[in-house]
Amino acid sequence: MSALVNISNLGVTFRDGPRRVAALSDVNLTIEAGERLGIIGESGSGKSTLALALTGLLPASAEVSGRIDWADGQPILGRDIGMVFQDPSSSLDPVMSIGEQVAEGAVAHLGLSWGAAKERARDLLAQVKLPDPDGLLRAFPHQLSGGQRQRVAIAAAMAAGPRVLIADEATSALDTIVQAEVVSLLDGLVKQQGITLIFITHDIALASQLADRIAVFRHAQLVEVGTARQVVTQPREAYTAALLGAHLDLGTPPLIGVAP
Ligand SMILES: Nc1ncnc2c1ncn2[C@@H]1O[C@H](COP(=O)(O)OP(=O)(O)OP(=O)(O)O)[C@@H](O)[C@H]1O
Ligand code: NI
């Protein structure tokens, strides 16, 4: 594997009124091209801040130190990096048809005509295993379930053929069965297309089933990174062991494989 991006001594500080909050502090991490990296840690540990730093979406008020070096130059959000958030309504426009939203990225970044982009959108909707992709092109987000909307958001994120997909708590709002289906879908898509997946979650069990490697964040710091197996079976940090104790029910059958 070769490095996709090298993160060195990354620090991000937010100003919160008179207070300064260190959201990331001295983070060193290399993300390999084509790997599935799980990012775990409790609320406020800096996971989303890392995603925003990678995508160039940090607010101007954030103070950034250190370096993020991409092997192939700074990727363009929407073209080279696709992003899927917890709440699809933050990425889907309620008054725009599903077809237009999924096609948009292909028009903007691949230079396709709307006609060609709609055809691509239909193929993408089929790839994310949504029923009746032709009919869906003309549907609106409110006509879909939460899980279906999240599939549309994934299709939209994939529209321009990105090499990196960042899913930030993308399945957290879904019930367990739908979550398993969406995780299994993501797994298949990124494997098939050789996309690097950065999967952010509170759920160490979910991360361990999807990821090749897991990075554990706590209080703005990267406390541990290793293969999913190593982090789960032989955590080096007491904190990781505590997370495992609290969240990983080893009696629960794996989510991937359960989904149809
Ligand atoms: N725009 C902002 N302005 C001020 N503080 C912020 C901002 N964004 C994040 N923070 C602070 O930075 C820290 C890290 O937040 P971040 O959203 O990265 O955590 P997280 O691990 O993604 O948490 P969660 O699991 O709840 O999504 C927190 O203390 C948060 O309050
Ligand atoms: Ni977050």
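Start at 1 and go down the list; that is how both ligands and their atoms are numbered. Just so it is clear, the model here is predicted, and its values are computed rather than measured.
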Practice problem: For atom 2 (C) of ligand 1, find the nearest protein heavy atom and state the residue, atom name and distance (0.1 Å precision). | Solution: F14 CD2, 3.5 Å
Exercise. State whether any protein heavy atom lies less than 4.0 Å from atom 13 (C) of ligand 1.
Key: yes
Quiz prompt | Nearest-option assignment for atom 23 (O) of ligand 1, heavy atoms, candidates G44, A51, G46, P59 | solution = G44
Quiz item: Which ligand 1 atoms are under 4.0 Å away from a heavy-atom of H202?
Solution: 25 (O)
Quiz item: Does one side chain, of D69 or N6, offer a donor that lies under 3.5 Å from an acceptor on the other?
Solution: no
Exercise. Could you list the atoms of ligand 1 found under 4.0 angstrom from a heavy atom of T49?
Key: 14 (C), 15 (O), 16 (P), 18 (O)
Quiz prompt | Within-cut-off N or O pair, S43 and ligand 1, under 3.5 Å | solution = yes
Quiz item: Just checking, any donor-acceptor pair under 3.5 angstrom between side chains of E181 and Q150?
Solution: no
Self-check item: 4.5 Å side-chain heavy-atom contact, L4 and E32
Solution: no
Practice problem: For S48, take its heavy atoms, then give the atoms of ligand 1 lying under 4.0 Å from any of them. | Solution: 17 (O), 18 (O), 20 (P), 22 (O), 27 (O)
Practice problem: Could you tell me whether atom 25 (O) of ligand 1 has at least one protein heavy atom nearer than 4.0 Å? | Solution: yes
Self-check item: atom 21 (O) of ligand 1: nearest protein contact (heavy atom, Å)
Solution: K47 NZ, 2.8 Å
Quiz item: Does D123 pair with R120 as a salt bridge, N-O distance under 4.0 Å?
Solution: no
Quiz item: Does S43 put an N, O or S atom under 2.8 Å from the Ni ion (ligand 2)?
Solution: no
Quiz item: For residues T227 and Q230, is any side-chain donor paired with an opposing acceptor at under 3.5 Å?
Solution: no
Quiz item: Does a salt bridge link K47 with D168, judged by any charged N lying under 4.0 Å from a carboxylate O?
Solution: no
Quiz item: Can a salt bridge be assigned to the pair E63 and R20 using a cut-off of 4.0 Å between side-chain N and carboxylate O?
Solution: yes
Quiz item: Against heavy atoms of E42, which atoms of ligand 1 measure under 4.0 Å?
Solution: 21 (O)
Exercise. Specify the closest pair of heavy atoms between A167 and L186, including all atoms of both residues, with the distance to one decimal.
Key: CB-CD1, 4.4 Å
Self-check item: Close approach of S45 to ligand 1, heavy atoms, under 4.0 angstrom
Solution: yes
Quiz item: Does G41, backbone or side chain, put an N or O under 3.5 Å from an N or O of ligand 1?
Solution: no
Quiz item: Are any of the side-chain nitrogens in K191 or D187 under 4.0 Å away from the carboxylate oxygens of its partner?
Solution: yes
Quiz item: Less than 3.5 Å between some nitrogen or oxygen of V21 and one of ligand 1, yes or no?
Solution: no
